[in-house]
Q: 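Before we start, here is the structure in question, set down as structure tokens.
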Amino acid sequence: MKALQSWIPIPANSDFTPENLPFGIFSTTSKSARAGIAIGEHIIDLSELHRAGLINQVPSEVLLSKALNELIACGKKNTSALRLRVQQLVTAENNELQAHPNLQDILVKQSIATMHMPVNVGDYTDFYSSIDHATNMGKMFRDPENALLPNWKHIPVGYHGRASSIRVSGFKFHRPMGQLKPADAEVPVFAPSKLMDFELETAFIIGKNSNLGERISTEQADDYIFGMVLFNDWSARDIQSWEYVPLGPFLAKNFASVVSPWIVTLDALEPFRVEGYKQEPKVQPYLEYSGNKNVDIHLEVSIKPEHGEETIVSRSNYKYMYWTMEQQLAHHTVNGCNMNVGDMLASGTISGPDEGSYGSMMEITWRGTKPVKMNDGSERKFINDGDTVIIRGNCEKDGVRVGFGECSSTLLSAIAF
Ligand code: CA
């Protein structure tokens with residue numbers, strides 16, 4: 001690959017190169033929420049681009065919608081063609097947009113834009129597909145010798161989450177209250193969670209409806225995946241450990257999940273595909289797949305105290321996933337469960353094999369027994385009031401970079417009631 005050159009200035013190490021061109025929803029003081037494509041430090045206003053007669057792959061009204069669902073529902077054939085046309089318009093040799101009289105209306109600085117939820121999420125599912133994360137959790141909560149439960153290598157384990165509380169990067173929320181049972185107490189207490197944690201995840205967004213009763217095979221799966229975002233599945237570990245038996249996570253997980261605003265398309269991620277995890281024992285035939293289906297996405301998590309500088313607490317990679325997106329989708333629909341455009345399917349916490357690559361404070365500090373040293377001299381076992389947690393992610397190969405920007409959110413102090 002040779003990096004594409006653009007006439008739009010692209011800062012060094014920008015996530016938003018001409019090879020990327022992710023979709024999002026933005027507004028400014030003079031523009032209502034609408035669809036855009038990020039490039040460098042700018043956003044291309046797709047509605048204005050359509051009005052200028054430079055794109056025609058989708059109807060103009062879907063570009064002024066407050067969510068990308070209708071645009072995505074136009075189908076990959078059209079959205080891929082739209083993205084490739086935008087790529088053509090921004091490359092150095094092309095002056096159709098560069099010389100267009102409406103350029104000022106089309107190119108918007110990201111610094112004056114507000115980003116919104118990219119899609120209306122109808123349904124949200126969270127998997128548990130990183131073998132290192134599942135092993136670490138099993139060691140801490142159950143049996144160090146038999147950390148993985150017997151089903152784990154046969155089923156991409158997951159649960160149905162709560163779509164209503166998914167918010168876009170920049171979200172601030174109060175420490176949740178709930179029932180906690182200290183280990184030495186007979187009965188639970190009602191109090192603010194003391195063990196607030198992030199979960200480093202990605203999520204993929206469904207790009208095509210399936211019918212109830214229909215399956216999506218691993219081979220068909222990529223047709224149904226529009227793209228990916230970074231995802232922080234905030235978790236209250238003390239609420240979780242008291243409530244999760246026997247039906248799994250409930251109030252420990254449904255108060256806030258946060259996504260990065262730009263959906264990086266599967267098309268843009270294709271060059272960064274790598275071989276999947278070697279799966280032993282052999283999986284059921286409906287979970288078999290061919291080709292390179294993992295993706296080499298460098299991921300990192302920082303904690304920024306209210307008045308302090310950031311400290312990176314984890315460097316992981318999406319390629320460590322045991323189960324691929326294609327297998328997750330095939331499994332999710334094998335019983336006929338239907339998918340809708342905009343549904344979000346999250347990976348589960350993505351931990352790597354080394355201590356520096358764990359995807360939650362639970363694992364990084366090993367349940368609080370090994371606190372993290374912050375750059376400002378303070379220590380963290382879990383997340384403090386005022387802390388901002390920032391997830392970043394990008395792919396790099398042969399001088400080409402495709403990134404996700406930031407997924408940032410801030411924990412505020414509890415409101416007692
Ligand atoms: Ca999770």
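In listed order, ligands and their atoms are each counted from 1. Worth knowing before you read on, the calculation uses all heavy atoms, side chains too, and leaves out hydrogens, waters and symmetry mates.
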Q: Using only N, O or S atoms, tell me which atom of E201 is closest to the Ca ion (ligand 1).
A: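 Output for this pair reads OE2.
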
Q: For the residue pair Y277 and Y322, does the interplanar ring angle fall in the parallel (under 30°), tilted (30 to 60°) or perpendicular (over 60°) class?
A: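 Rings of Y277 and Y322: tilted, as their planes differ by 30° to 60°.
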
Q: Quick one: do R175 and D385 satisfy salt bridge (Lys or Arg N to Asp or Glu O under 4.0 Å)? Show the steps, please.
A: CA-CA 8 Å; R175 182 179 289 268; D385 291 348; 2.7 Å; yes

Q: Less than 3.5 Å apart, any donor N or O on the side chain of D376 or S378 sitting next to an acceptor on the other?
A: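 Present: a donor and an acceptor within the cut-off.
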
Q: Of all the N, O or S atoms in D233, which one sits nearest to the Ca ion (ligand 1)?
A: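 D233's closest N, O or S atom to the Ca ion (ligand 1) is named OD2.
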
Q: Can you list the steps and then say if S257 with F231 is a side-chain contact (heavy atoms from CB on, under 4.5 Å)?
A: CA-CA 7 Å; S257 300; F231 193 92; 3.6 Å; yes

Q: Looking only at N, O or S atoms in E199, which is nearest to the Ca ion (ligand 1)?
A: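 Looking at E199, the N, O or S atom with the least distance to the Ca ion (ligand 1) is OE1.
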
Q: Write the atom name of the N, O or S atom in D126 that is nearest the Ca ion (ligand 1).
A: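 For D126, the N/O/S atom sitting closest to the Ca ion (ligand 1) is OD2.
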
